[in-house]
Number of protein chains: 2
Amino acid sequence: MRERGTGRRASPTRAPLSRERVVTAAVTLADEKGEAGVTMRAIAARLGVEAMSLYNHVTGRDDILDGMVDAVFDEIDLAAPTTDWKAAMHDRAASSRTVLLRHPWAVGLMDSRSRPGPATLRHHDAVLGILRAGGFSVAGAAHAILVIDSYLYGFVLQELSLPFTSRAELDEVAEGIVRDLPADAYPHLVEVITEHARRPGYDYTDEFERGLSLILDALRPDEV
Amino acid sequence: MRERGTGRRASPTRAPLSRERVVTAAVTLADEKGEAGVTMRAIAARLGVEAMSLYNHVTGRDDILDGMVDAVFDEIDLAAPTTDWKAAMHDRAASSRTVLLRHPWAVGLMDSRSRPGPATLRHHDAVLGILRAGGFSVAGAAHAILVIDSYLYGFVLQELSLPFTSRAELDEVAEGIVRDLPADAYPHLVEVITEHARRPGYDYTDEFERGLSLILDALRPDEV
DNA sequence: ACCTGAACACCGTTCAAGT
DNA sequence: ACCTGAACACCGTTCAAGT
């Protein structure tokens with residue numbers, strides 16, 4: 001009837017569960033099998049435990065999804081505060097794209113999560129700080145972030161929806177589309193696929209950089 | 001043993017099922033209950049039929065989701081071909097945003113669909129045509145569309161993730177965030193919420209227009 | 001040709017019971 | 001305090017059977 005057994009310890013081979021371990025397992029699972037693979041039973045199995053045990057550390061599946069989004073924000077590199085806001089915004093966007101492509105489920109999860117975690121708050125606070133230090137007003141900084149993040153998330157969303165990941169696949173898919181498509185019904189689509197997307201050297205990283213530069217060059221601290 | 005009964009007709013009170021009717025029912029259901037509400041059983045119930053009957057008209061749930069995305073593209077207004085590409089791109093983006101806000105599940109569905117339907121193909125072909133007529137090269141038009149659509153989808157994605165839909169809710173949420181937040185940990189976030197987001201007249205349509213103009217003014221036919 | 005009952009292999013979550 | 005067996009109310013999909 002002792003409340004606390006002093007001599008008894010958890011077996012060292014099995015680390016105790018925690019919210020963090022549950023979220024980490026969920027992220028790994030999502031990377032491997034997609035968001036649909038993130039089930040309570042699958043997460044539990046990966047941790048050597050039953051599904052119901054997870055409810056001792058998270059409130060439910062939604063809580064896990066919130067934690068996963070926050071874990072993604074934690075992976076994004078943030079430049080140290082600096083007055084070179086343009087370089088900092090460029091590097092942050094490039095790092096964000098890399099992280100979002102590494103976790104393809106993340107961008108689709110964003111629009112359903114409304115409880116930002118500590119890493120998310122830290123991220124946004126740091127970005128605001130960089131722009132404020134660079135001379136942006138409060139409203140100007142908010143506007144700049146909204147424009148940059150819109151471009152970033154939308155670009156990755158489109159990049160992820162492409163039905164290919166390699167050059168060879170692109171060629172194959174492009175050929176299939178052009179073959180199936182009534183050329184006279186969609187003349188401009190056929191043109192862009194044959195003349196543009198299939199040309200050697202077409203590269204989404206270049207496209208991302210060009211669009212990002214276009215936006216960053218149009219933003220100025222005194223704009224608002 | 002007649003193959004075709006000539007005199008027998010379906011009761012006029014119950015229209016025959018079709019892929020289109022299934023997709024339409026799914027769109028209505030998603031608008032009302034969110035994407036998670038789009039189950040085979042719920043769609044069937046709405047059509048006065050059992051879930052298994054749907055498989056006679058669609059190949060499965062994925063086929064329905066593809067159809068839903070195509071139905072959304074069909075709702076977007078497309079300007080007639082014109083040389084005023086900038087006005088046409090503005091109006092298309094504004095119409096797209098309206099449609100995507102009307103169907104909040106659509107933007108999140110985009111990144112998982114890889115089989116574009118006829119309305120989607122028609123839409124992209126028309127947009128390409130407007131830019132080509134406006135003097136853009138094939139590569140320039142593809143680039144312009146990628147930048148504009150990235151901004152559009154990313155903006156709507158962020159707009160939809162906001163945990164409020166009215167002015168009063170915004171005030172309430174903002175107050176809650178500021179109250180819960182350790183002010184010294186996130187000074188810039190507290191600043192932007194109190195000084196910017198809560199100020200009267202803050203309007204997402206204005207923000208959208210400003211960012212869109214910034215991008216459209218930076219795009220030029222001879223840029224590529 | 002189209003619809004369906006029953007079944008299969010899953011879900012998230014609750015709850016009382018164990019230790 | 002933490003874990004779990006059984007159960008509940010769901011999923012998408014298959015298949016053989018009906019008409």
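Convention: sequence-line order gives letters A, B, ...; per-chain numbering from 1. Hydrogens, waters and symmetry mates play no part in the numbers below; they use all other heavy atoms, side chains included.
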**Item:** Nearest-Å distance for atom pair CG/C1', residues B:Leu65 and D:dC11
**Value:** 14 Å
**Base paired to C:dG18 (Watson-Crick or G-U; both N/O distances under 3.5 angstrom)** = D:dC2
**Prompt:** Can a side chain N or O of A:Thr39 be found less than 4.0 Å away from OP1 or OP2 on C:dC11?
**Reply:** yes
**Fill in**
Which of D:dG12, D:dA7, D:dT14 is nearest the side chain of B:Arg41? It is D:dG12
**Prompt:** Rounded to the nearest Å, what distance is computed from the CE atom of residue A:Met52 to the P atom of nucleotide D:dC8?
**Reply:** 14 Å
**Message:** I need the CZ-P distance between A:Arg21 and D:dC2, as an integer number of Å.
**Reply:** 14 Å
**Asked** Taking the six-membered ring where the residue is Trp, are the ring centres of A:Phe73 and A:His124 under 6.0 Å apart?
**Response** yes
**Prompt:** Roughly, in whole Å, what's the span from CG in A:Asn56 to P in C:dC15?
**Reply:** 14 Å
**d(CE, A:Met40; P, D:dC11) in whole Å** = 19 Å
**Sugar-phosphate only, base, or nothing, as touched by A:Val38 at under 4.0 Å among non-hydrogen atoms** = sugar-phosphate
**Asked** Among B:Val127, B:Leu121, B:Thr120, whose side chain to side chain contact (heavy atoms under 4.5 Å, CB included) with B:His123 holds?
**Response** B:Val127
**Item:** Centroid-centroid under 6.0 Å between B:Phe155 and A:Tyr153 rings
**Value:** no
**Prompt:** Which nucleotide, D:dG12, D:dC3, C:dT13, lies nearest any side-chain atom of A:Tyr55?
**Reply:** C:dT13
**Asked** For B:Glu35 and D:dC11, what is the distance between atoms CD and P respectively, to the nearest whole Å?
**Response** 14 Å
**Option from B:Leu65, B:Val38, B:Val72 for which side chain to side chain contact (heavy atoms under 4.5 Å, CB included) with B:Trp105 holds** = B:Val72
**Request:** Measure from CG on B:Leu54 to C1' on C:dG5 and round the result to the nearest Å.
**Result:** 15 Å
**Request:** Could you go through the salt bridge (charged side-chain N to carboxylate O under 4.0 Å, His left out) check for A:Asp74 and A:Arg122 one step at a time?
**Result:** CA-CA 9 Å; A:Asp74 207 31; A:Arg122 212 180 309 126; 3.5 Å; yes
**Message:** Taking only side-chain N and O atoms of B:His57, does any of them lie within less than 4.0 angstrom of OP1 or OP2 on C:dC3?
**Reply:** yes
**Asked** To the nearest angstrom, how far is A:Ile43 atom CD1 from C:dC11 atom C1'?
**Response** 12 Å
**Complete:** If pairing means Watson-Crick or G-U wobble with both distances under 3.5 Å, then the partner of D:dC10 is none
**Nearest to side-chain heavy atoms of B:Ser53, which nucleotide of C:dC3, D:dG5, D:dC15** = C:dC3
**Request:** Would you indicate which nucleotide in D:dG12, D:dT4, C:dG12 comes nearest to any side-chain atom of B:Arg61?
**Result:** D:dG12
